[in-house]
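What follows is one structure encoded as structure tokens, with my remarks underneath.
Just so you know, ligand 1 is whichever comes first in the structure, and atom 1 is the first atom listed for that ligand. What's counted below: heavy atoms across the whole structure, side chains too, no hydrogens, waters or symmetry copies. By convention here, the first residue in the shown sequence is residue 1.
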Amino acid sequence: MTAIPLPAALSMVGKTALVTGAASGIGRATALVLAELGARVVICDRSPMDETRDAIEARGAVCSMAHGDLTEDEFIASLFAGEQIHALAHCAGILVGRPWQEDTAWHERFHRVMDVNVRVPLQLAAAAIDHMADRGGGHIALVGSVAGKTGGTSVSTPPDYAASKGAVHTLVKWLSRNAVGRGVLVNAVAPGPVETPMTRGFNLGPTLPMGRIGRAEELAWPIAFLCTPAASYLSGAILDVNGGAFVGP
Ligand code: NAI
């Protein structure tokens, strides 16, 4: 195989990327970066995505919207029933901030968090692997969390969320094993705290080595990288994108 020199290896021209969670935060930023790299972007979320679409189109890129709830099997199937998808960046996820022992709907909440944060990435990635393997291969990037490795950034990190992200890291390994021989590369990022609606109300910056939490685009760059041909020798990797939190100041 001939090596493609940088920056051409980062080009997504002629490729279609599906980005979930694209209405907000990290998913929205990832959709914009993939558009800047030349991808045609299919943005997916259960919330309105008009602002993301407008921002993508303002960059001169082509965008289509897939509006729906990823917990529904038919919706997942519909995402892979049309045009070829070369890359999937799965950024949708939930965190419920209420203290779990005071949550009167704890059992339901636990199952909902596991459903959205664990079952959905498994089913979505499995559908993407079948789709991509039949069409010459592809790239899948999932989003775990520092909470899935350490139990959380503070005592207020919900246990259901931390456990769900630990499960995502395990899924990356399992999916990688099942996909690599079929030409599909599955990897992930494990972000530290990032400035998005999910972290509103937390003041975590001063405790971190850089004195601040991450910006959404600082996650979008590595996630988008995992979707490009430049990530040709990564499979089953989980990139720690946390501003040095595992090392300290
Ligand atoms: P966000 O709350 O800003 O965006 C998440 C998006 O996912 C929302 O637009 C929401 O509508 C969508 N979504 C949730 N459930 C869905 C479903 N069933 N179907 C379709 N769309 C659905 O969150 P943020 O911060 O951008 O998080 C993105 C990912 O990064 C999540 O997986 C999160 O767990 C992870 N993460 C975030 C960190 C942070 O500090 N913000 C830190 C570590 C990981």
>> Heavy-atom distances under 4.0 Å decide this one: backbone, side chain, both or neither, for Thr199 against ligand 1?
In response: side chain
> Considering only protein heavy atoms, which is closest to atom 41 (N) of ligand 1, and at what distance to one decimal place?
Replying inline: Thr196 OG1, 3.1 Å
> When you measure from atom 7 (O) of ligand 1 to every protein heavy atom, which one gives the shortest distance, and what is it?
Replying inline: Ala92 CA, 3.4 Å
>> Is there a polar contact between ligand 1 and Ser145, counting only N or O atoms under 3.5 Å apart?
In response: no
>> Are Phe110 and Trp106, when compared by the centres of their aromatic rings, separated by less than 6.0 Å?
In response: yes
> Starting from atom 34 (O) of ligand 1, which protein heavy atom do you reach first, and at what distance in Å?
Replying inline: Tyr161 OH, 2.7 Å
>> Is it the case that the side chain of Arg59 and the backbone of Ala55 share a donor-acceptor pair, with hydrogens and angles ignored and the cut-off at 3.5 Å?
In response: yes
>> Which residue and atom name correspond to the protein heavy atom nearest atom 10 (C) of ligand 1, and how close is it?
In response: Asp45 OD1, 3.4 Å
> Residues in side-chain contact (heavy atoms from CB on, under 4.5 Å) with Ser235, at least two apart?
Replying inline: Ser176, Val180, Leu185
> Side chain, backbone, both or neither: which part of Val194 comes within less than 4.0 Å of ligand 1 when only heavy atoms are counted?
Replying inline: both
>> Strictly below 4.0 Å, N to O, side chains only: are Arg109 and Asp115 in salt-bridge contact?
In response: no
> For Leu70 and ligand 1, does the shortest N/O to N/O distance drop below 3.5 Å?
Replying inline: yes
> side-chain contact (heavy atoms from CB on, under 4.5 Å) with Glu51: which residues, sequence neighbours excluded?
Replying inline: Arg28
> Do you know which two heavy atoms are closest between His169 and Gly144, and how far apart they sit?
Replying inline: NE2-CA, 3.4 Å
> Which bit of Arg28 is near ligand 1, meaning a heavy atom under 4.0 Å away: side chain, backbone, both or neither?
Replying inline: neither
>> Students should be able to answer this: which protein heavy-atom is nearest to atom 1 (P) of ligand 1, and at what distance?
In response: Ser24 OG, 3.6 Å
> To which protein heavy atom is atom 21 (N) of ligand 1 closest, and what is the distance rounded to 0.1 Å?
Replying inline: Arg46 N, 3.3 Å
> Which protein heavy atom lies closest to atom 31 (C) of ligand 1, and at what distance to 0.1 Å?
Replying inline: Cys91 O, 3.3 Å
> Closest approach of Met65 and Met49, non-hydrogen atoms and distance?
Replying inline: SD-CB, 3.7 Å
